[in-house]
Number of protein chains: 2
Amino acid sequence: MFKKWTNGLSKCELFKGITEEELNLVFCCLKPKVNTYERNELVTIAGEKYTGLGIVMSGQVVVTKENAAGNRVILAVNGPGEMFGEMSAFSGDGVWPVSVVARAACTVMFLPAGKIICNCERLCASHRQLITNMLEIVSGQALVLHRKLEYLTIKSLRGKISTFLLEQYKEANCTTFTISMKRNELADFLNVSRPALSREMCRMRDEGVMQFQGNSIKIKELEALKEMVE
Amino acid sequence: MFKKWTNGLSKCELFKGITEEELNLVFCCLKPKVNTYERNELVTIAGEKYTGLGIVMSGQVVVTKENAAGNRVILAVNGPGEMFGEMSAFSGDGVWPVSVVARAACTVMFLPAGKIICNCERLCASHRQLITNMLEIVSGQALVLHRKLEYLTIKSLRGKISTFLLEQYKEANCTTFTISMKRNELADFLNVSRPALSREMCRMRDEGVMQFQGNSIKIKELEALKEMVE
DNA sequence: TCAATACGGTAACCGTGGTTACCAAAAGTG
DNA sequence: CACTTTTGGTAACCACGGTTACCGTATTGA
């Protein structure tokens with residue numbers, strides 16, 4: 001039934017521990033809707049009616065948030081198997097809290113929220129697993145938001161950059177690494193203006209703290225960088 | 001067994017839909033730990049070993065987050081029945097993501113995280129309810145963080161104040177209301193400095209947009225305020 | 001292959017808000 | 001009741017970063 005998206009399905013944490021057979025039964029019950037989108041097309045619009053938990057089957061989407069002043073903040077870049085709108089599925093006010101844009105042509109599956117939590121008899125085991133998975137995922141999402149808060153509460157631009165670089169360094173476990181965001185995306189992520197980001201990065205380069213060309217970055221003075229976080 | 005905290009227990013959303021009888025059985029299985037704290041005493045310290053889901057039985061605690069630069073941000077003020085650390089229970093790295101301080105003398109119950117999710121036979125029904133409740137709560141928490149993000153992404157101080165006042169107004173459903181935070185707490189909440197907050201509030205007062213004395217606030221020009229959000 | 005668009009570095013200007021310091025009123029505390 | 005501590009308003013100073021504008025280089029697409 002959903003064979004062509006095996007990739008997206010198998011990568012999705014929501015279905016972790018559920019066999020392909022059981023999954024088919026689950027889908028018969030949940031009746032997901034599947035849509036396709038072109039690059040830059042709007043998948044969801046913040047404030048509009050909630051259409052259910054979104055799961056990217058193929059392609060890539062950007063999850064963004066706009067405040068009243070019109071500042072856009074990137075919350076996530078999601079690929080196959082990754083979800084969005086999971087927070088609103090069980091505790092929302094029925095509207096999308098985020099806007100989602102197709103970063104590349106993509107296929108997205110929407111699961112009706114109410115059906116995940118309801119208890120039908122024949123799917124008991126899978127349902128239980130589904131709910132437990134959901135719990136783990138939503139907790140994880142909350143922690144991501146929490147981490148995002150850490151960035152936004154840093155006041156100095158240099159502090160934000162330093163924190164970001166140190167996290168990337170910790171993840172790569174190497175002083176040379178490539179970041180996945182373009183400059184203006186990074187600026188959005190850190191909630192600063194693009195020219196200001198560029199200016200400060202070049203200053204740090206001129207001071208010998210780091211080097212970069214394009215998205216490839218090399219930390220030159222790790223200790224100096226750590227002190228800039230504060 | 002836990003009669004003396006009936007107030008805290010009955011107010012807690014985690015136990016919604018579970019009778020007092022069942023609750024006793026649940027507690028026999030979960031084996032919660034209960035501690036008491038004096039005013040200003042530290043309940044948890046961010047970064048230290050996670051001790052389990054915290055539920056306030058009596059008194060009041062302040063949940064705070066400190067970033068590397070030492071800026072403190074108040075995430076919540078929790079009273080009886082309210083919880084903290086719910087995000088880390090199921091998807092944390094085993095350490096407290098927040099610091100919690102007793103705002104008044106208080107009693108706190110800690111539920112071991114692993115035991116909530118495990119499936120013992122005799123508590124099946126209550127367990128299922130507990131997990132479902134947990135899902136709803138954690139989703140709600142994620143949305144709160146999401147809302148918090150909205151404040152922090154507002155760049156102008158006036159925009160932050162206006163947004164805050166409008167939310168208070170909406171909650172009180174009246175142009176006159178009392179806020180629960182002192183000036184320096186509000187400054188922390190909005191992530192600005194106290195003198196700057198004071199300065200801007202007085203400017204808004206002088207412009208005739210609002211009035212205030214102490215924590216009592218009166219909005220004079222609602223429409224003007226709404227325009228200041230942007 | 002060429003035109004259009006996206007991307008990113010640079011510079012000048014200046015407004016917002018952080019910092020510091022001081023003071024007066026209010027609230028605890030012996 | 002006097003004393004200390006907390007709270008919050010006020011003012012001067014100035015640095016950080018937003019804004020705008022421009023330009024060279026990559027990418028993209030017809």
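Small disclaimer: the values here were computed from a predicted structure and weren't measured. Side chains included, hydrogens not; waters and symmetry mates left out as well; all remaining heavy atoms used.
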Just the rounded figure in Å: distance from [atom2] of [N] to [atom1] of [X].
| X | N | atom1 | atom2 | answer |
| --- | --- | --- | --- | --- |
| A:Leu190 | D:dC16 | CG | C1' | 16 Å |
| A:Asn40 | C:dT5 | CG | P | 14 Å |
| B:Phe212 | D:dG8 | CZ | P | 10 Å |
| A:Leu186 | C:dG8 | CG | P | 10 Å |
| A:Met204 | C:dG9 | CE | C1' | 16 Å |

Item to check | Donor-acceptor under 3.5 Å (A:Thr44 side chain, A:Val100 main chain) | outcome: yes
Between N or O atoms, less than 3.5 Å apart, protein on one side and nucleotides 26-30 of chain D on the other: list the pairs.
none

Checklist entry - Over its full length, what angle do the end axes of the helix from C:dT1-D:dA30 to C:dG30-D:dC1 make, each axis taken from five pairs and the result rounded to 10 degrees? => result 60°
Report the residues that fulfil side-chain hydrogen bond (donor to acceptor under 3.5 Å, both in side chains) with [X], sequence neighbours left out, ordered by chain and then residue number.
| X | result |
| --- | --- |
| B:Ser193 | none |
| A:Lys218 | none |
| B:Thr107 | B:Ser58 |

Next on the checklist: Does the plane of the ring in A:Trp96 sit parallel, tilted or perpendicular to the ring in A:Phe84? Use 30° and 60° as the thresholds.
Outcome noted: tilted
Next on the checklist: Enumerate the salt bridge (Lys or Arg N to Asp or Glu O under 4.0 Å) contacts for residues 203-214 of chain B, please, sequence neighbours excluded, ordered by first and then second residue.
Outcome noted: B:Arg158-B:Glu207, B:Glu200-B:Arg203
Next on the checklist: Per the salt bridge (Lys or Arg N to Asp or Glu O under 4.0 Å) rule, what does the pair list look like for residues 166-181 of chain A, sequence neighbours excluded?
Outcome noted: A:Arg147-A:Glu167
Next on the checklist: Run A:Phe27 and A:Phe15 through ring-ring contact (aromatic ring centres under 6.0 Å, His included) and show every step you take.
Outcome noted: CA-CA 11 Å; A:Phe27 281 152; A:Phe15 307 123; 5.7 Å; yes
Next on the checklist: Going by the rule side chain to side chain contact (heavy atoms under 4.5 Å, CB included), which residues pair with A:Thr175 if we only count those two or more places apart in sequence or in a different chain?
Outcome noted: A:Tyr169, A:Ile219
Checklist entry - In residues 175-184 of chain A, what residues come within less than 4.0 Å of DNA chain C, judged by heavy atoms? => result A:Lys182, A:Arg183, A:Asn184
Next on the checklist: Counting primed atoms plus P, OP1 and OP2 as sugar-phosphate and everything else as base, spell out the protein contacts along nucleotides 13-27 of chain C at 4.0 Å heavy-atom distance: B, S or - for each nucleotide, 5' to 3'.
Outcome noted: ----BBBB-------
Checklist entry - Salt bridge or not for B:Glu82 and B:Lys11, using N-O below 4.0 Å? => result no
Next on the checklist: Surrounding CD of B:Glu13 (heavy atoms of other residues, nucleotides or ligands, distance under 6.0 Å), is the total greater than 12?
Outcome noted: no
Checklist entry - For B:Glu221, which residues count as a salt bridge (Lys or Arg N to Asp or Glu O under 4.0 Å) partner, sequence neighbours excluded? => result none
Sequence neighbours excluded and cut-off under 3.5 Å, please list the side-chain donor-acceptor pairs for residues 178-185 of chain A, or say none.
unit_1, atom_1, unit_2, atom_2, d
A:Arg183, NH1, A:Gly214, O, 3.3
A:Arg183, NH2, A:Gly214, O, 3.0
A:Glu185, OE1, A:Arg103, NH2, 2.8
A:Glu185, OE1, A:Lys182, N, 3.1
A:Glu185, OE2, A:Arg103, NH2, 2.9

